[in-house]
There are 2 protein chains.
Amino acid sequence: MSELKPPSFVSAQMVADRAGVSRSAVSRTFTDGASVSEATRRKVLEAADALGYHVNHLARGLRERSNIVCLVVADMTTPIRARMVDVLTRKLQASGKITMVINTETDTESVSAALRQTLNYRADATVVLSGTPPASLIETCISNGQQVILINRDERLQGSSSLGVDNAMAGREALFLLRRAGCERLGLITSNARTASLVEREAVFVEAAAAEGLQVVVTEAGPTSYESGQEAARRVFGRSEAPDGVFCVTDLLALGFMDVARRDFGLAIPDDLCVVGFDDIEQAGWASYQLTTFRQPLNPMADEVVDLLLQPQRAVSERRMIEPIPVWRRSVRPGKR
Amino acid sequence: MSELKPPSFVSAQMVADRAGVSRSAVSRTFTDGASVSEATRRKVLEAADALGYHVNHLARGLRERSNIVCLVVADMTTPIRARMVDVLTRKLQASGKITMVINTETDTESVSAALRQTLNYRADATVVLSGTPPASLIETCISNGQQVILINRDERLQGSSSLGVDNAMAGREALFLLRRAGCERLGLITSNARTASLVEREAVFVEAAAAEGLQVVVTEAGPTSYESGQEAARRVFGRSEAPDGVFCVTDLLALGFMDVARRDFGLAIPDDLCVVGFDDIEQAGWASYQLTTFRQPLNPMADEVVDLLLQPQRAVSERRMIEPIPVWRRSVRPGKR
DNA sequence: TTGAAAGCGTTACCAC
DNA sequence: GTGGTAACGCTTTCAA
């Protein structure tokens, strides 16, 4: 029953009438590189200003590209997600795009609904930060001429571009750091999200440890959060054989883990326990934590997205891998104890 | 030079052709409460599905409301902002709106550019979370039939609706808590942002203290951030007369302040120093901090926004005030030392 | 219930 | 350099 009067925006026709020129002249005035005489231009601008005219991008999008990019994202409050959204919106804007944010859950149904919205609004491109859209819907997007860019997602879907951080490298490097610190009893903390990224970090870490003849105690807590990190620590240090070196697949998990390890179990970091995280969220650098971790290079990633957008032909089924950057802080000893 | 081929979306006409019906029939099939025979409907849906048709909301928005809401926001990575954006996008979506996020700086020029985008995309409404838009532009939005909702902003602009948290209450209550804890030397930490909200929290706190015959040492650090909180602490405790009770106008400031107070100056909280924050960001509840603070009731605020959107007539020049909720944790002593 | 047609605000294309 | 016109995809009259 939305009997709300639709907004009454001023149109090019109104401006034309007031300026005593044609619609076309108005349009040209607002189109880069169109030829309008200085006199006409001035008249138009004056009328437009007086009336408060603004070009209707919706109507423009009817014939050409809409310049809308949809961002499909879940867990927006998570520091790493918030930064991703921040960087992306910023860079997209700078390249003349406008961002529609679709805040979704990670289940397939929600993500599908998000993709349908993307189609409804004729977005030029859809950037997926969370969840795994069904292949069929991605295909629909693509066959409609839309670009689909998946960030840190598992699948390499036909026709979509993929962009992700090198999780394997982080898994290997995390092991190296802990071993160099002289850690003998390794632990890995992960969440129950079972994202491809998280799973890969875990798998590579465990595998690399096995190659050195070491077994890793894997602890899977609840969702990917600070609280789950706490819970994991309670479980881990409640057991007889406690680890002295731990890789948390996410900074948030690491911070919760550290807090409980120190406060509830009296462990000193890095003396009794070394911890490595992943993401390099802002809090990882706070004085209370000084977490050694891997930075997701968000700016380069966003640049890559913009680049993909500007050169769609390059994008098809391409998979770009970006190296995370190790950030050494104080949660891991620089050498053996 | 954007010679990019525009996306080729499937239109209602194509669906009509395939289904052997008219455009109108297709439109009606996708319009709630329109009368279509079951047979036609089925034919249309089948064709639409086969073709991957999705109603073009851009074209629809040409005649009626666009259902687009623009969110103008700065400092998106700040936990409190991230949560605001999260809650708002969620609730707006639930009420059938789609959110365009415009990530802006707080200077007037950037905010103006954001408002112009809002007009360009024919948003039904603009929600301003950051910065102060010039009155003239707000007027343009409103005269174009757009709704403008300012959240935690200073101005009460003609025709716009305003929504904010009761800063005065927080200032008064913060003083009460510190006094009850027996604090004698009061400090206030703020940033150089000089936002109306921050200024008000400061002013009320200082004034309430004056009413009790106490002088407050005000320290203004850099931008509103963790680092500024650290900087403030270094300055405050470098002086001869250090405070024993501090109100930080923002949690982020408080957390940085606490870290330096404890680690660099060996102060015990709340024994040597009591700290009160504002916002109740997630980190305020972390074990390392346990900050006593005031929660911004984000859900009620977002509900209010949605409500305003659905009943525009109610909105005109209305100013709604929402009470922040005190959250007692461990950074303030429950009673005198 | 259905289809034809008008109109929404643009921009691209054509004449002039 | 300028104005008219078609086209974009939709919803909403209006007749049938």
Side-chain angles (χ1 to χ4, degrees), chain A residues 2-44 48 51-68 119-124 144-145, chain B residues 2-44 48 51-68 119-124 144-145:
Chain A
S2 71
E3 283 322 319
L4 304 174
K5 200 172 89 279
S8 53
F9 287 90
V10 3
S11 70
Q13 183 62 67
M14 298 178 184
V15 177
D17 290 347
R18 179 170 178 129
V21 298
S22 69
R23 269 204 303 283
S24 318
V26 176
S27 175
R28 277 192 286 263
T29 302
F30 291 100
T31 318
D32 281 351
S35 67
V36 214
S37 72
E38 205 28 54
T40 312
R41 173 185 205 74
R42 213 181 17 255
K43 275 190 293 181
V44 169
L51 259 32
Y53 171 72
H54 292 257
V55 176
N56 185 338
H57 284 23
L58 263 37
R60 170 189 280 176
L62 232 44
R63 301 175 60 58
E64 6 183 332
R65 31 187 50 235
S66 63
N67 282 331
I68 296 173
L119 289 166
N120 284 138
Y121 280 96
R122 295 316 192 237
D124 295 343
N144 275 319
Chain B
S2 71
E3 283 321 320
L4 304 174
K5 201 171 87 290
S8 53
F9 287 90
V10 3
S11 70
Q13 183 63 69
M14 298 178 179
V15 177
D17 290 347
R18 177 168 180 131
V21 298
S22 70
R23 272 202 302 279
S24 322
V26 176
S27 176
R28 277 191 285 261
T29 302
F30 292 100
T31 318
D32 281 351
S35 68
V36 216
S37 72
E38 205 28 52
T40 312
R41 174 186 202 74
R42 216 185 10 257
K43 275 191 293 182
V44 169
L51 260 32
Y53 170 73
H54 292 256
V55 176
N56 185 337
H57 282 25
L58 262 36
R60 170 188 283 176
L62 232 44
R63 297 172 67 54
E64 7 185 332
R65 31 187 50 232
S66 63
N67 282 331
I68 296 174
L119 257 4
N120 284 138
Y121 280 96
R122 296 317 193 234
D124 295 343
N144 275 318

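Residue numbers start from 1 in every chain, and the chains themselves are labelled A, B, ... in the order their sequence lines are given, proteins ahead of strands.
In this structure, Ser27(B) reaches the dT11(D) phosphate: one of its side-chain N or O atoms is under 4.0 Å from OP1 or OP2. The phosphate of dT2(D) (OP1 or OP2) has no side-chain N or O of Arg41(A) nearer than 4.0 angstrom. The side chain of Thr40(A) places no N or O atom within less than 4.0 Å of a non-bridging phosphate oxygen (OP1 or OP2) of dG1(D). Look at Ser24(A) and you won't find any side-chain N or O under 4.0 angstrom from OP1 or OP2 of dT11(C). At dG9(D), none of the side-chain N or O atoms of Tyr121(A) fall inside 4.0 Å of OP1 or OP2 (strictly under the cut-off).
Side-chain contact check for Arg60(B) versus Asn56(B): every heavy-atom pair is 4.5 Å or farther apart. Arg122(A) is listed as a side-chain neighbour of His54(B), based on a closest heavy-atom distance under 4.5 Å. Two residues are said to be in side-chain contact when any heavy atoms from C-beta on lie closer than 4.5 Å; Asp32(A) and Phe30(A) fail this criterion. By the 4.5 Å heavy-atom criterion applied to side chains, Val21(A) and Lys43(A) are counted as neighbours. Counting heavy atoms from C-beta on, the side chains of Tyr121(A) and Asn67(B) come closer than 4.5 Å.
Atom P of nucleotide dT10(C) and atom CG of Asp32(A) are separated by 16 Å, given to the nearest angstrom. Spacing between atom CD of Glu38(B) and atom P of dT2(C) amounts to 10 Å, rounded to whole angstrom units. A straight line from CG of Asn67(A) to P of dT10(C) spans 16 Å, rounded to a whole angstrom. The separation between Leu62(B) atom CG and dA7(D) atom C1' is 13 Å, rounded to whole Å. When the P atom of dC10(D) is taken as reference, atom NE2 of His54(B) falls 12 Å away, rounded to whole Å. When rounded to the nearest whole Å, the span between CD of Gln13(B) and P of dC8(D) equals 10 Å. Distance CE (Met14(A)) to C1' (dC8(C)): 11 Å, rounded to an integer number of Å. The interatomic distance linking Arg122(B) (CZ) with dC10(D) (C1') rounds to 17 Å, in whole Å.
Summary of the strand contacts: Asn56(B) and Arg28(B) both lie near DNA chain D, and taking for each the nucleotide with the nearest heavy atom, the more 5' one is attributed to Asn56(B).
Considering only the side chain of Arg23(B), dA5(C) comes nearest among dG9(C), dA5(C), dG1(D). Here the side chain of Val36(B) is nearest to one of dC10(D), dT2(C), dG1(D), namely dT2(C). Of the candidate nucleotides dG1(D), dA7(D), dC10(D), dA7(D) has the atom lying nearest to any side-chain atom of Arg63(A). Checking dT2(D), dG3(C), dC10(D) against every side-chain atom of Ser37(A), the shortest atom distance belongs to dT2(D).
Within 4.0 Å of Tyr53(B), counting heavy atoms only, lie sugar-phosphate atoms of the nucleic acid but no base atom.
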